[in-house]
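Quantities reported herein were computed from a predicted structural model and do not represent experimental measurements. Hydrogens, waters and symmetry mates play no part in the numbers below; they use all other heavy atoms, side chains included. Note on naming: letters A, B, ... go to the chains in the order of the sequence lines (proteins, then strands), and numbering restarts at 1 for each one.
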Amino acid sequence: MGEEFSLEHRFQAYIDAENKIEPKDWMPENYRKTIVRQMSQHAHSEVVGMLPEANWITRAPSLRSKLILLAKVQDEGGHGLYLYSAAETLGVSREQMIDDLLQGKAKYSSIFNYPTLNWADMGAIGWLVDGAAIANQVMLCRTSYGPYARAMVRICKEESFHQRQGYEIMMHMAAGTPEQKAMAQDALNRWWWPALMMFGPADAASPNTAQSMAWKIKRKTNDELRQEFVDKTVPQATFIGLTVPDSHLKWNEVTGHYDFGPIDWEEFTQVVKGNGPCNKERLAARNKAHQEGQWVRDAATAFAKKQQARAAAPVSATNPSAA
Amino acid sequence: MTQPDTWPLWEVFVRSKNGLAHKHSGSLHAPDAETALKSARDVYTRRSEGISIWVLPSSSIVASSPDEKEPLFAPSDDKPYRHPTFYDIPDEVGHM
Ligand SMILES: [Fe+2]
Ligand SMILES: [Fe+2]
């Protein structure tokens with residue numbers, strides 16, 4: 001007990017001195033658990049996050065936009081892989097994590113349980129959803145767990161085009177026909193509040209925040225990140241002539257931030273619990289894709305085995321000249 | 001004459017400080033992993049270059065062939081839309 005205490009003290013002092021924790025370093029069990037949980041949820045979010053956009057790849061309005069969307073969705077798949085690998089440095093297996101996701105036991109970002117109704121949603125997702133994710137991920141580039149931080153640096157680099165391509169779609173639609181502008185506004189109306197919820201519960205309702213901040217897993221609280229996002233995004237909406245759907249939204253001269261209206265946390269809770277508009281659909285789509293990909297994995301394994309057997313066999317047995 | 005050198009070759013990766021990834025430093029010959037690790041310390045970290053070392057058999061590295069450079073890497077060259085600079089975003093909306 002006493003030894004554990006001093007180990008934890010040293011661990012905290014090490015973190016306080018801005019050192020990174022690496023896989024073989026001693027760490028409190030709860031730190032390990034928190035990091036594994038956060039990295040696996042993050043990985044799941046990247047993977048499930050492909051679904052709402054993949055829905056529109058075949059219906060992109062031009063070859064240019066199709067190439068871009070394809071490239072973006074491809075990136076998200078890669079992000080999932082980086083994060084699963086980073087989590088594996090702590091001894092959890094990818095199979096287990098994916099199994100938890102497929103069985104509905106694991107969480108992923110609540111935002112991906114909303115439907116993508118039309119092309120404007122591709123703009124809103126890139127601009128708002130990737131924008132919110134980037135705010136969080138830029139912070140995580142300085143998280144205390146080394147492999148997580150390094151994965152984040154790579155991801156942030158790749159993300160940089162995601163938000164810009166989304167905003168470009170919104171910019172073009174907002175400057176288009178009245179119908180196109182109305183679509184852009186409608187997409188903003190539908191995605192604004194769920195995007196704000198992406199940062200998680202208010203600080204007052206988030207009991208784990210203090211420990212995560214002390215361990216420097218997080219560097220900013222949910223509310224701080226949310227405020228940062230609002231302050232950055234509101235002028236971007238105004239610039240293209242769109243209106244953020246919040247009647248309470250007002251610039252506050254004293255604080256130097258935007259004041260914004262209350263978030264419907266009941267909606268958030270319901271979506272997290274599995275009762276969002278698309279929870280079942282997303283999980284079903286993920287399971288279907290996993291099952292339908294089974295033959296590819298089987299074929300790859302069979303091929304590898306065959307190659308190994310060939311390499312091990314005596315030359316005469318595989319010599320095709322005999323045939 | 002003397003026995004030929006049958007010790008395998010090991011690749012050495014050194015982490016210079018926590019937070020950074022292990023980076024390839026070079027290689028060395030050693031009879032086993034333990035000795036490779038010790039030799040790597042002596043050869044590659046004499047001036048405090050590292051705080052962690054990885055060694056792995058060179059034979060376990062699978063490398064792409066220089067002949068395949070074209071088919072492997074050229075396809076990325078015509079995909080400028082993977083870069084942020086491909087998009088014209090006005091300066092007025094701030095860094096994105
Ligand atoms: Fe991503
Ligand atoms: Fe993204």
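Here the straight-line distance linking atom CD of Glu22(A) with atom CG of Leu20(B) works out to 8.5 Å at 0.5 Å rounding. Atoms OG and NE2, from Ser160(A) and His83(B) in turn, are 9.0 Å apart once rounded to the nearest 0.5 Å. Annotation: the span from Met96(B) atom CE to Gln163(A) atom CD amounts to 4.5 Å, rounded to 0.5 Å. Of the inter-residue distances, the one linking Met171(A) atom CE with Asp88(B) atom CG reads 7.0 Å to the nearest 0.5 angstrom. Atoms OH and CG, on Tyr145(A) and Asn18(B) in that order, are 10.5 Å from each other to the nearest 0.5 Å. In this structure, Glu168(A) CD and Phe86(B) CZ are separated by 7.5 Å, a value rounded to the nearest 0.5 Å.
Listed here is the closest heavy atom pair of Phe239(A) and Val93(B): CD2-CG1, 3.4 Å. Of all heavy-atom pairs between Pro23(A) and Arg15(B), the closest is CD-NH2, 4.3 Å.
Only the side chain of Tyr14(A) comes within contact range of chain B, judged by heavy atoms closer than 4.5 Å. With a 4.5 Å cut-off on non-hydrogen atoms, Arg150(A) touches chain B through its side chain but not through its backbone. In this structure, chain B has a heavy atom under 4.5 Å from the side chain of Gln74(A), while its backbone stays farther away. Heavy atoms of Asp75(A) lying under 4.5 Å from chain B are absent altogether.
With a 6.0 Å radius and a threshold of 12 heavy atoms from other residues, nucleotides or ligands, Arg59(A) has its CZ atom above the threshold. Remark: Glu18(A) CD is packed, more than 12 non-hydrogen atoms of other residues, nucleotides or ligands lying under 6.0 Å away. The environment of Glu253(A) atom CD is sparse: at most 12 non-hydrogen atoms of other residues, nucleotides or ligands sit within 6.0 angstrom.
Among Arg64(A), Glu158(A), Lys72(A), Lys232(A), the residue making the largest number of heavy-atom pairs under 4.5 Å with chain B is Arg64(A). The candidate from Lys20(A), Lys157(A), Arg164(A) with the greatest count of non-hydrogen atom pairs under 4.5 Å with chain B is Arg164(A). Most heavy-atom pairs under 4.5 Å with chain A: of the set Lys17(B), Arg82(B), Lys79(B), this distinction falls to Arg82(B).
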Exercise. Do Phe161(A) and Tyr81(B) pass the side chain to side chain contact (heavy atoms under 4.5 Å, CB included) test, and can you show the C-alpha distance, the side-chain angles, and the key distance before you say yes or no?
Worked result: CA-CA 8 Å; Phe161(A) 97 75; Tyr81(B) 47 84; 5.6 Å; no

